[in-house]
Amino acid sequence: MIIVGLTGLNCSGKDTVADYMVEHESFTHYSLSDEIRKAMKRDGIETSRENLISYGTNLRSTHGNGVLAKMVMENFQENKKYCVTSIRHPDEVEVFRKSGKSFLLVNVQAPREVRFERMKKRARTGDPDTLEKFIELENKESQTSGSGQRLVQTVALADITFENNFQTLDELYAAIKKLISGSFINNYE
């Protein structure tokens, strides 16, 4: 089993990278944020960005900071390749690294203005509508202790940083292919 974790600031392109890995490299994709969304839907809570952050923090403080990683790993099977997005806490990284499976953490990054434009295009319910609110929310995701999102610390744990500031999807896909061919991922059987 191989697990590629994708971390990075909001709208850096983690899910787009994951989509490519699913379509072209036979990975199965799990999102830690989707695990939170499922729980919120079950509890009848609106899935705004702020609610996601709050609900995720409550899950971590109640069940341990690595709970979301443990939740997705329950679905994993041997001899498969997995891509996990929305890793936002160092303890989630630790769960994957201590699993005994091959694990690579990739930080996907892009300039703030590029990420904000991507957010506006995706038009997800609850996303900030101004750059100022986007920055404010980003700061909330960068705590340095506790059960909240500790994204800056998580990014610092990355094995590889992947700059996603491409003009076209073809350029992005070529760079992902190069990343995969230059790492142990390509040699996994």
Side-chain angles (χ1 to χ4, degrees), residues 1-42 47 52-53 55-110 141 147-164 166 169 172-189:
M1 176 187 311
I2 185 168
I3 306 165
V4 176
L6 298 174
T7 191
L9 297 174
N10 201 18
C11 292
S12 60
K14 300 175 295 290
D15 287 323
T16 304
V17 172
D19 290 345
Y20 175 88
M21 293 176 77
V22 168
E23 187 173 334
H24 299 283
E25 302 292 337
S26 302
F27 278 76
T28 300
H29 176 211
Y30 283 92
S31 166
L32 299 189
S33 292
D34 285 349
E35 295 302 310
I36 298 170
R37 283 183 189 94
K38 287 179 204 172
M40 290 173 70
K41 185 176 180 180
R42 185 182 58 239
T47 57
L52 275 167
I53 292 170
Y55 198 95
T57 299
N58 288 337
L59 272 175
R60 287 186 201 96
S61 64
T62 303
H63 301 288
N65 292 328
V67 66
L68 297 171
K70 291 175 184 175
M71 288 167 67
V72 298
M73 286 194 71
E74 290 176 2
N75 300 303
F76 290 1
Q77 300 172 15
E78 289 299 324
N79 301 319
K80 294 221 173 189
K81 298 187 295 186
Y82 295 96
C83 179
V84 180
T85 55
S86 302
I87 299 172
R88 292 186 167 95
H89 195 284
D91 287 3
E92 295 163 350
V93 175
E94 185 177 347
V95 167
F96 291 122
R97 286 201 169 133
K98 288 186 172 181
S99 71
K101 310 302 179 192
S102 294
F103 177 71
L104 178 73
L105 183 63
V106 178
N107 169 32
V108 180
Q109 68 180 20
E141 295 180 348
S147 297
Q149 294 186 19
R150 292 170 39 190
L151 200 44
V152 171
Q153 290 174 328
T154 305
V155 164
L157 297 172
D159 301 299
I160 296 171
T161 294
F162 180 78
E163 185 67 40
N164 179 12
F166 300 98
L169 283 178
L172 172 63
Y173 294 163
I176 297 167
K177 187 172 183 76
K178 184 177 178 182
L179 170 72
I180 290 172
S181 67
S183 70
F184 74 89
I185 301 167
N186 191 48
N187 298 320
Y188 177 77
E189 296 295 332

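Contact of the I3 side chain with the M73 side chain is registered, since non-hydrogen atoms from C-beta on lie closer than 4.5 Å. Side-chain contact between V95 and E92 is absent, with no heavy-atom pair separated by less than 4.5 Å. With contacts defined as side-chain heavy-atom distances shorter than 4.5 Å, the pair T85/S31 qualifies. Looking at heavy atoms from C-beta onward, N10 lies out of side-chain contact with L151 at the 4.5 angstrom threshold. By the 4.5 Å heavy-atom criterion applied to side chains, Q77 and Y82 are counted as neighbours. For the pair R60 and L68, the minimum side-chain heavy-atom distance is below 4.5 Å. Under the 4.5 Å side-chain criterion, counting only non-hydrogen atoms from C-beta, M1 is not in contact with K80.
Here the rule is side chain to side chain contact (heavy atoms under 4.5 Å, CB included) with E35, and of V72, V67, L59 only V72 fits it.
Contact record, C83 with L6: SG-CD1, 3.5 Å, taken as the closest heavy-atom pair. Closest non-hydrogen pair, S147 versus N65, comes out as OG-OD1, 2.8 Å. Contact record, L52 with T47: CD1-O, 4.2 Å, taken as the closest heavy-atom pair. What you find for T28 and V22 is that their closest heavy atoms are C-CG2, 4.4 Å. Nearest heavy-atom pair, R150 versus P90, reported as atom, atom and distance to 0.1 Å: CB-CD, 3.7 Å. In plain terms, the two heavy atoms of G8 and N107 that are nearest each other are CA-OD1, 3.6 Å.
With values rounded to the nearest 0.5 angstrom, K177 atom NZ is found 8.5 Å from H24 atom NE2. Going from atom CG of L179 over to atom CE of M21 covers 7.5 Å, rounded to the nearest 0.5 Å.
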Applying side-chain contact (heavy atoms from CB on, under 4.5 Å), run through Y20 and L172 and close with a yes or a no.
CA-CA 9 Å; Y20 175 88; L172 172 63; over 6 Å; no
CA sep, side-chain torsions, deciding dist, call: I176, T16, side-chain contact (heavy atoms from CB on, under 4.5 Å)
CA-CA 10 Å; I176 297 167; T16 304; 6.0 Å; no
Using the rule given for side-chain contact (heavy atoms from CB on, under 4.5 Å), can you reason through L32 versus R88, listing the C-alpha separation, both sets of side-chain angles and the distance that settles it, and then say yes or no?
CA-CA 9 Å; L32 299 189; R88 292 186 167 95; over 6 Å; no
Evaluate L105 against R97 for side-chain contact (heavy atoms from CB on, under 4.5 Å), listing each step before the verdict.
CA-CA 9 Å; L105 183 63; R97 286 201 169 133; 4.0 Å; yes
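Using a distance-only test at 3.5 Å, with no hydrogens or angles considered, a donor-acceptor pair links the side chain of K14 to the main chain of L9. At least one donor-acceptor pair closer than 3.5 Å links the side chain of N164 to the backbone N or O of S12.
Using the six-membered ring where Trp is involved, F103 and F96 have ring planes that are parallel, under 30° apart on the 30 and 60° scheme. Note on ring orientation: taking the six-membered ring where Trp is involved, the planes of F76 and Y30 are tilted (angle from 30° to 60°).
Within 6.0 Å of CD in E163 there are more than 12 heavy atoms belonging to other residues, nucleotides or ligands.
Remark: K41 pairs with no residue by the salt bridge (charged side-chain N to carboxylate O under 4.0 Å, His left out) rule, at least two apart or across chains. Under the rule for a side chain to side chain donor-acceptor pair (under 3.5 Å), D19 has no partner lying at least two apart in sequence or in another chain.
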